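Here the structure is laid out as structure tokens; the discussion comes afterwards.
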Amino acid sequence: MKKLMNDPKQFVPEMMKGIELANPGTIKYVPEYNLVMRADAPNPNKVSIVQGSGSGHEPAHIMVVGKGMLDGACPGDVFSAPPMDYVVESSKILNSPKGILHIVNNYSGDRMSFEMATEMLDMEGVTVKTIFVDDDVAVQNSTWTVGRRGVAGNFFVIKAVGAAAEAGASLDELVELGKKVNSRLRSMGMALTGCTPPAKGKPIFTLEEDEIEMGVGIHGEPGRARKKLASANEIADEMLEAILTDRKPIPGGDDREEPIFHEGDEVALMINGLGGTPISELYIVYGHVHEELEKRGIKIWRSYVGEYCTSLEMAGMSITLCKVDDQLKELFTAPAEIPIRVF
Amino acid sequence: MSDSTLAVTERVVRTIADVALENEFYFAELDGVVGDGDFGLSLANGFRKLMDEWDTLDRSSPGTFLKKVSMIITSRVGGVSGAIWGTGFMRAGFAAGDKAELTADDVIAMLRAAEEGMKKRGQSDVGDKTLLDGFIPAVDELERVLKSGGSTQEALDAAAVKAREQTEVIKPWIAKRGRAAYTGERSMDTYDAGSIAVAVMAETIAASWPEISNP
């Protein structure tokens, strides 16, 4: 393992301290609960939005805390869900008379922690509602999930509800909006390499020189298949096809939704780096996906190319499409002020 | 009960913690047959952390105390088992509310609340070969003996016997929940680690009840 670090146990706290020091006056760090929060939160006229997840996905989610995005993020250790008490205490610190919105990527550990925290907060009179994000089309269930995984597409959920909350939306309106964005999101990822969590010291998986993991999750969980390396265009084509033909299972039965992207649609297109892929390669993928979508009559309304949700130093990328309408366009372009300025 | 409810609650939790710590490797070994072997270890980690913070816990009522216990063990017991055990303590704490003294009926209501919470959290029920197959029949037995006029000691003894019997009843079953479920038929004819833990805890509480209730 070769990393810029001092002590594996201090990896997350030292990163958080850095974020606080780099953003004086706007970001506050509460070490007891791994909480990075807006210094001006909670705002009594606005729903507070809190995300958990594990660490190791930066800038998700501690670096998207700020005006127009999250009010706070209280991640667990690298690739670990936050313990329940982080969620309970962070939500109490950020409690607003308009309520608290939790955004949870659909992973079993995160779900359990947030569901327990919600019970605890309900008993204490804190109003909490939750949006679950499950944008990954690669696999239906995985090592760590029941149902689909929530991956890079959660950025669009945060951006939309963050902007709407800033404009005064109610908790119920935000829940509806979050569900709407999630229903219009589809993502898929692939890995060229594994990555090494600091406390583990060894790669979570290893790929040969000529191998890729297609449909990888954001903690390196296996995806659809381990394949031979192909050209950027071939890899992108396979992922795009999976996204465009995806029929999401409808909970509670064997029925599936129809594919959601059609000729004439406008989309936000994200090419997300997983941490170890140069931006040059991301733009190679972007160019091809852009042309392929235009060929199908799907218009790219706005592009997002860079690192939004990573897996430490893993090389690889994910593609996310979000179908937009006038409401979402307005929310996605609303101003935001966060430590990592990616838009 | 001749001693305050809070003191009794503390001693019951303390007894459960002692069992988890003393049987760390035994439970892990049972779980290792079909699960991933971390059950005993992570359960002990949770209760070890609880012991570290024991003196600082909020003791304003038995319910508050149990909620605090839940927060601590959940923060250290990894994965699904942490959430399920934590939910049990949490729901029992909710059911106790702010009451300073608890009656036998209150305790039954707390155990039923714990049962409901664990079912919901684990999306599981009796018949899935989990700790619920030990816990629920044992609570049934506790309630039956108390309602028919038996003493607390008699009720606890009966519950402990039932919990132990259940570990044998479910041994031939195929696990339907938890890591053990992934191993399918291999889980047949193996003990379920969670229900064994429940049996050992019930037996230990019953055996030490004279000291727990009136030291």
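Letters go in sequence order (proteins before strands), and every chain restarts at 1. No experiment lies behind these values; they were computed from the predicted model shown.
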Are there more than 12 heavy atoms of other residues, nucleotides or ligands under 6.0 Å from atom NZ of A:Lys17?
no
Determine the minimum heavy-atom distance between A:Met112 and B:Arg121, stating which atoms define it.
CE-O, 3.5 Å
Does some side-chain heavy atom of B:Lys120 sit less than 4.5 Å from a side-chain heavy atom of A:Glu115?
no
Taking all atoms of both residues into account, what is the closest heavy-atom pair of B:Met90 and A:Glu119, and its distance?
CE-OE1, 3.0 Å
May I ask you to check whether over 12 heavy atoms, not counting those of B:Asp98, lie within 6.0 Å of atom CG?
no
Contact summary for B:Ser70 and A:Met120, nearest pair of heavy atoms
OG-CE, 4.1 Å
So what's closer than 4.5 Å to chain B heavy atoms on A:Met123: side chain, backbone, both or neither?
side chain
Under a 4.0 Å threshold between the charged nitrogen and the carboxylate oxygen, would A:Glu124 count as salt-bridged to B:Lys67?
no
